[in-house]
Amino acid sequence: MIAFVSGPVAALAPDTAVIEVGGVGMAVLCTPNTISTLRIGQQAKLATSLVVREESLTLYGFADDDERQVFELLQTASGVGPRLAQAMLAVHDPDALRRAVSTGDEKALTAVPGIGKKGAQRLLLELKDRLGDPVGRGQGIGAPVTSGWRDQLHAALVGLGYATREADEAVTAVAPQAEAVIAEGAQPQVGQLLRAALQTLNRAR
């Protein structure tokens, strides 16, 4: 198994980073939070999980080993593949998922695209004794967005399966929240904006 990749960032897309490793460009699928921390030309180290299928080898990348471990544990639940596990980590950090499961927070799980009420109930039962307790790292609000928050948020929503029109509306809905943070001299955070956008989309259903 490829435990991690380390090297300069060669290219970035909404859900993929290309890391140059020994002269080879490794395409790694990442959450919007992780993508937002990377810069082309700068060194990066990502924990990784290799998913092997008959027709493909797909490398998923994470900010740290804890996130990778949760990604792999999520897939032990029935009906959860790598794409859904990554979507869960795009919406909630590892500790938020642990809290949701340990407290039976069905609403937190249904905020993830692709998880309905029955699916959330099943996941709460299956994951209850697998994820463990929150470790208290306090990452809940995600990584800072250093530039182009609208483009990053829009790309993240489209990457999660929402239509362009829905993504446009969600970005417009959370714009006041982001602009208020900028007005205070701080940077909006991609995880916080993504969760707020998903809440507006859920209400619109």
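The structure displayed is predicted, hence computed values, not measured ones.
When side chains are defined from C-beta on, F62 counts as touching L89, because their heavy atoms get closer than 4.5 Å. Between L50 and L57, some side-chain heavy-atom pair lies under the 4.5 Å cut-off. The closest side-chain heavy-atom distance from F71 to P94 is not below 4.5 Å. Between V70 and D66, some side-chain heavy-atom pair lies under the 4.5 Å cut-off. Using a 4.5 Å heavy-atom threshold, the side chains of L97 and L74 count as touching. Side-chain contact between L109 and M88 is present, with heavy atoms from C-beta onward closer than 4.5 Å.
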With side-chain contact (heavy atoms from CB on, under 4.5 Å) as the criterion, how do K45 and V5 come out once you've worked through the C-alpha distance, each side chain's angles and the decisive distance to 0.1 Å? CA-CA 6 Å; K45 182 177 180 180; V5 294; over 6 Å; no
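For the atom pair CD (Q43) and CG (L38), the distance works out to 11.5 Å, reported to the nearest 0.5 Å. Distance CD/E166 to NE2/H154: 10.5 Å, rounded to 0.5 Å. A distance of 10.0 Å separates CG of L125 from OG of S78, quoted to the nearest 0.5 Å. Here OG1 of T103 is found 8.5 Å from NZ of K128. Values are rounded to the nearest 0.5 Å. A distance of 14.0 Å separates CD1 of I2 from OH of Y60, quoted to the nearest 0.5 Å.
Scanning all heavy atoms of the two residues, the minimum distance from E126 to A77 falls at OE1-CA, 3.2 Å. Here the closest heavy-atom approach between residue L84 and residue G79 is recorded as CD2-O, 3.9 Å. Minimum interatomic distance between H92 and A108 (heavy atoms only, all atoms of both residues): NE2-O, 2.7 Å. Of all the heavy atoms in A120 and T110, the pair that sits closest is CB-CG2, 3.7 Å. Nearest approach of P113 to Y162, heavy atoms of both residues: CG-CE1, 3.4 Å. Closest approach of L194 and L153 over heavy atoms only: CA-CD1, 3.7 Å.
Salt bridge annotation for R98-D95: present, with a cationic side-chain nitrogen under 4.0 angstrom from a carboxylate oxygen.
Remark: the R130 side chain and the T76 side chain contain an N/O donor-acceptor pair separated by less than 3.5 Å. In summary, the side chains of T58 and R53 do not present any donor paired with an acceptor at a separation below 3.5 Å, with no hydrogens or angles considered.
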Would you mind writing out the side-chain donor-acceptor pairs for residues 12-32 within the sub-3.5 Å range, not counting sequence neighbours?
| residue | atom | partner | partner atom | Å |
| --- | --- | --- | --- | --- |
| T31 | OG1 | T34 | N | 3.3 |
| T31 | OG1 | T34 | OG1 | 3.3 |

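Tested against E106, the residues R122, K117, K118 include a single salt bridge (Lys or Arg N to Asp or Glu O under 4.0 Å) partner, K117.
Looking at Q86, its side chain never comes within 3.5 Å of a backbone N or O of P82 through a donor-acceptor pair. For R68 (side chain) and L46 (main-chain N/O), no donor-acceptor pair under 3.5 Å exists by modelled atom type.
Residues passing the side chain to side chain donor-acceptor pair (under 3.5 Å) test with Q75: none are found, sequence neighbours excluded.
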